[in-house]
Amino acid sequence: MKNQKVYESNDQMISLIRDNYNVLQSLGCFGITLGFGDKTVNETCIDNCVDTYTFLAVVNYTINGYYNADDADRLSVPTLLHYLEASHIYYLDYQLPSIRRELQESINESDSLGTLIMNFYDEYAREIHKHMKYEEKHLFPYVKQLLKGNAPSDYDIETFSKHHSQTDQKLRELKNIILKYLPGDIRRNNKLTATLYGLYNNEEWLKLHSQVEDNIFVPAIRNLERKQIKDSVTRNISNMVCNKETAEPLSDREKDVIISLVQGMSNKEIADHLFISVNTVITHRRNIARKLQIHSSAGLTIYAIVNGLVDISTVNL
């Protein structure tokens, strides 16, 4: 049964750990070291340069399932990113090899069933490794670039979210095979029981890790993307206003083309409306993009409104 207490910044860190010893794994992933005495959660986080709100968001979610999605903008994305990267290191470099050693000591590899079980585990480990390395190669670098304000346009958090699948199916199968079919003896039974206990714990760890990514990290990155888009639009409007004196001036015909585009006309419709050829329309559009450094319809609409080419009331937003 989950602990229903929601921990706050003024709670003692030692009390949180005493009530929920599994949080010990999370401490290292956040970069929080032991030896915090009777300090509060907030004091401990400050000492270790960890954002307190983000720490509590992850910890309360993993302890009791509590998280307020409306507060996604309060999360520290760098803190979340550090936590996830460290979690990968912990699991790939320590946990997977540790489980394998325990499993190897618990079974008889000299018989065919023992060999099959080890092969099954190695296949599971490769699947986890592939899953986490994908995030390290694609997701984490994208988020770092997003934080710098220059994320690539060919990737976003929705791309990750659509392909983020559960990876614990093989672990469940392995656990069930050991429970149902692996013959044991008195000498090996204790080791096998301890190994199974570790498998159950890691099944739970993987599930919570995936849920933190889906329900806390993904919404935080989605919120960051929205902010960046909003900031980009604001900068574009500011640049249009500030640079309209210095930019290469548009011809009257190019302004006519912009007005027609903003009104939703196609190249053919613009050509008919202005009594010019479609090729001439395309040339005008190319020149407009070069002069204004604006390539989208939304950007041209903003430009037209800011510079008085059209009235906002006549634009279909």
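We're numbering straight along the sequence, starting at 1. The shown structure was predicted, so the numbers you read here are calculated from the model rather than taken from an experiment.
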### Query
Does some side-chain heavy atom of Tyr7 sit less than 4.5 Å from a side-chain heavy atom of Lys5?
yes

### Message
With no hydrogens and no angle check, just 3.5 Å: does a side-chain donor-acceptor pair link His131 and Glu135?
### Response
yes

### Message
Can a side-chain donor-acceptor contact be found between Ser106 and Thr195 if the only test is distance below 3.5 angstrom?
### Response
yes

### Message
Salt bridge or not between Lys207 and Glu204? Use side-chain N to carboxylate O under 4.0 Å.
### Response
yes

### Task
Verify salt bridge (charged side-chain N to carboxylate O under 4.0 Å, His left out) between Lys133 and Glu136, making sure each step is shown before the conclusion.
CA-CA 5 Å; Lys133 288 302 178 182; Glu136 293 172 11; 3.0 Å; yes

### Query
Is a side-chain N or O of His82 found less than 3.5 angstrom from the main chain of Cys29, in a donor-acceptor match?
yes

### Summary
Heavy-atom nearest pair, Asn68 first then Tyr53, reads O-OH, 4.4 Å

#### Entry: Any donor-acceptor pair under 3.5 Å from Tyr121 side chain to Leu96 backbone
yes

### Query
Is the closest side-chain heavy-atom distance between Tyr142 and Gln145 below 4.5 Å?
no

### Message
Has Asp51 got a side-chain atom pairing as donor or acceptor with Thr54's backbone, closer than 3.5 angstrom?
### Response
yes

### Query
Should the pair Glu254-Lys291 be classified as a salt bridge under the 4.0 Å nitrogen-to-oxygen rule?
yes

## Note on the structure
In terms of heavy-atom contacts, Ile258 and Ala304 come closest through CG2-CB, 4.1 Å

#### Entry: Pair Asn42-Thr52, side-chain donor/acceptor within less than 3.5 Å
yes

#### Entry: Polar side chain donor-acceptor pair, Asp47 to Thr44, under 3.5 angstrom
no

### Derivation of the side chain to side chain donor-acceptor pair (under 3.5 Å) call for Thr280 and Ser277
CA-CA 5 Å; Thr280 302; Ser277 70; 2.8 Å; yes

### Message
Looking at Leu196, is its backbone amide N or carbonyl O close enough to the side chain of Lys175 to form a donor-acceptor pair, meaning the two atoms are under 3.5 Å apart?
### Response
no

### Task
Could you go through the salt bridge (charged side-chain N to carboxylate O under 4.0 Å, His left out) check for Arg100 and Asp122 one step at a time?
CA-CA 8 Å; Arg100 192 185 195 284; Asp122 289 340; 2.8 Å; yes

### Leu292 side, atom CG; Asn287 side, atom CG - distance, nearest 0.5 Å
10.5 Å

### Query
Is it true that Glu123 and Arg126 make a salt bridge, defined as a side-chain N closer than 4.0 Å to a carboxylate O?
no

### Query
Please walk me through it: do Tyr303 and Ile288 pass side-chain contact (heavy atoms from CB on, under 4.5 Å)?
CA-CA 11 Å; Tyr303 175 87; Ile288 290 167; over 6 Å; no

### More than 12 heavy atoms from other groups under 6.0 Å of OH on Tyr134
yes

### Plane angle bin for Tyr90 and Trp205 - parallel if under 30°, tilted between 30 and 60°, otherwise perpendicular
tilted

### Query
Counting distance only, does the side-chain N/O of Gln12 pair as donor-acceptor with the main-chain N or O of Asp38 below 3.5 Å?
yes

### Task
Could you tell me whether the side chain of Gln293 and the main chain of Arg290 form a donor-acceptor pair under 3.5 Å?
yes

### Task
Indicate, with yes or no, if the rings of Tyr91 and His209 have centres closer together than 6.0 Å.
no

### Task
Could you tell me whether Tyr94 atom OH has more than 12 heavy atoms of other residues or ligands within 6.0 Å of it?
no

### Query
Side chains of Tyr67 and Asn60: is there a donor and an acceptor less than 3.5 Å apart?
no

### Task
Please report the closest heavy-atom contact between Ile32 and Cys45, naming both atoms and the distance.
CD1-SG, 4.3 Å

### Query
Would you call Asp272 and Glu269 a side-chain contact if the rule is heavy atoms closer than 4.5 Å?
no

### Approximate separation, where rounding is to 0.5 Å, of Glu85 CD and Leu139 CG
9.5 Å

### Message
Take a 6.0 Å sphere around CZ of Arg285 and say whether it holds more than 12 heavy atoms from other residues, nucleotides or ligands.
### Response
no

### Non-hydrogen side-chain atoms of Val58 and Phe30 separated by less than 4.5 Å
yes

